[in-house]
Amino acid sequence: MENDGPPLNDCCSICHSNFNVPCQANCSHWFCGSCILQVWDHGSALQPCRCPLCRRPIDLLIPTEASMRQRVNPEVGNIIARLESYNRLYGERSSGLIQRLRDLPFLLRRLLRDLLDPQRSLPLVIKARVYVAIFLSVIYLLCPVDIIPEGILGVIGLLDDLIILLICFLHVAAIYRSVLVFRHGGRGDS
C-alpha cells in the first residue's frame with residue numbers, strides 16, 4: 001500500500017480480509033469502506049457509528065488517495081460517494097473537548113504528512129494559518145513574560161505554557177479537520 005494506507009500485513013478488523021477501499025477513521029483505525037458503512041447501516045441512522053475496536057464515535061472517514069484515484073470504478077465510486085455522504089453528515093459536527101483531544105494525534109499526524117509531502121497540496125490560506133498559530137505559540141513560549149510566572153511558582157508556572165501549547169494544537173487540528181471534511185465530504189477537489 002501507499003504511504004497513506006493501512007499498515008502492511010494488516011487486514012480489516014470487520015471482515016478479516018484484505019482491505020477493499022481502505023479508509024481511516026478519526027480514531028486512527030483502518031477498515032474497508034464497505035465494511036464500516038455496513039456497521040453504520042446496522043446502527044442508528046441519526047448518529048455516527050462507533051469504532052468496532054475502541055468504541056469511539058467515528059465522525060470522519062478518510063479513504064486513501066489510491067482509492068480516490070479508483071473512483072471511476074462504479075463499485076469504488078459508490079463506496080467513496082457514501083463515505084463523502086457520511087462525512088457531510090457527521091464530519092462538521094461540533095464534538096466535545098474530550099473527543100477533540102482524542103482526535104488530536106490522528107489529525108496532527110495527517111497534517112504533518114500533508115505539510116511535508118510535496119505531492120499533497122494544502123490551500124495556502126490553511127498553511128498560513130497553521131504556521132501563524134505555531135509561530136505565535138512558540139513566541140509566547142519563549143517570551144520571558146508569562147501569565148503565570150515560573151520564577152515565583154516554579155513548575156506550576158509552566159501550566160500556562162502547556163495550556164497555550166494545547167490551545168495551539170487544538171486550533172491547528174480544527175483547521176486541518178475542516179480541510180479533511182471539505183476534501184472528503186464531496187465538495188473537495190476529488
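Only a predicted model underlies this, so the values are computations on that prediction, with no experimental measurement involved. FYI, side chains are in, hydrogens and waters are out, and symmetry mates aren't considered; it's all heavy atoms of this structure. Each residue takes its place number in the sequence, starting with 1.
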Should [X] and [Y] count as side-chain neighbours, where that means a heavy-atom distance under 4.5 Å?
X: Phe106; Y: Ile62; value: yes
X: Asn26; Y: Arg56; value: yes
X: Arg177; Y: Asp59; value: yes
X: Tyr86; Y: Cys49; value: yes

If I take atom [atom1] from residue [X] and atom [atom2] from residue [Y], how far apart are they, to the nearest 0.5 angstrom?
X: Leu115; Y: Lys127; atom1: CG; atom2: NZ; result: 6.5 Å
X: Asp10; Y: His29; atom1: CG; atom2: NE2; result: 9.5 Å
X: Leu97; Y: Arg100; atom1: CG; atom2: CZ; result: 7.5 Å
X: Glu75; Y: Asn20; atom1: CD; atom2: CG; result: 5.5 Å
X: Ser13; Y: Ile36; atom1: OG; atom2: CD1; result: 7.5 Å
X: Ile58; Y: Gln24; atom1: CD1; atom2: CD; result: 11.0 Å

Per side chain to side chain contact (heavy atoms under 4.5 Å, CB included), Phe31 is matched among Pro52, Cys15, Pro6 by Pro52
Could you please spell out the steps behind the side chain to side chain contact (heavy atoms under 4.5 Å, CB included) verdict for Met68 and Arg183? CA-CA 11 Å; Met68 295 299 284; Arg183 188 184 289 164; over 6 Å; no
Kindly indicate, with the supporting measurements, whether the criterion side chain to side chain contact (heavy atoms under 4.5 Å, CB included) is fulfilled by His184 and Leu60. CA-CA 9 Å; His184 298 289; Leu60 193 59; 5.7 Å; no
State whether the side chain of Asn87 and the backbone N or O of Leu61 hold a donor-acceptor pair below 3.5 Å, judged by distance alone. yes
Hey, does the side chain of Ser137 reach the backbone of Ala133 with a donor-acceptor pair shorter than 3.5 angstrom? yes
Assigning hydrophobic clusters by single linkage (Ile, Leu, Val, Met, Phe, Trp, Tyr; side-chain heavy-atom cutoff under 4.5 Å), is [X] placed with [Y]?
X: Phe169; Y: Tyr131; result: yes
X: Leu142; Y: Leu165; result: yes
X: Val130; Y: Val138; result: yes
X: Leu136; Y: Ile163; result: no
X: Ile167; Y: Val132; result: no

Contacts of Leu166 meeting side chain to side chain contact (heavy atoms under 4.5 Å, CB included) (sequence neighbours excluded), chain-then-number -> Leu101, Leu104, Leu170
Show your working on side chain to side chain contact (heavy atoms under 4.5 Å, CB included) between Leu111 and Ile175 and close with a plain yes or no. CA-CA 10 Å; Leu111 174 65; Ile175 292 169; over 6 Å; no
List the steps, then state whether side chain to side chain contact (heavy atoms under 4.5 Å, CB included) holds for Ile80 with Ser67.
CA-CA 8 Å; Ile80 297 290; Ser67 296; 4.2 Å; yes
Taking atom OH as the centre, does Tyr176 end up with more than 12 heavy-atom neighbours from other residues, nucleotides or ligands that are less than 6.0 angstrom away? yes
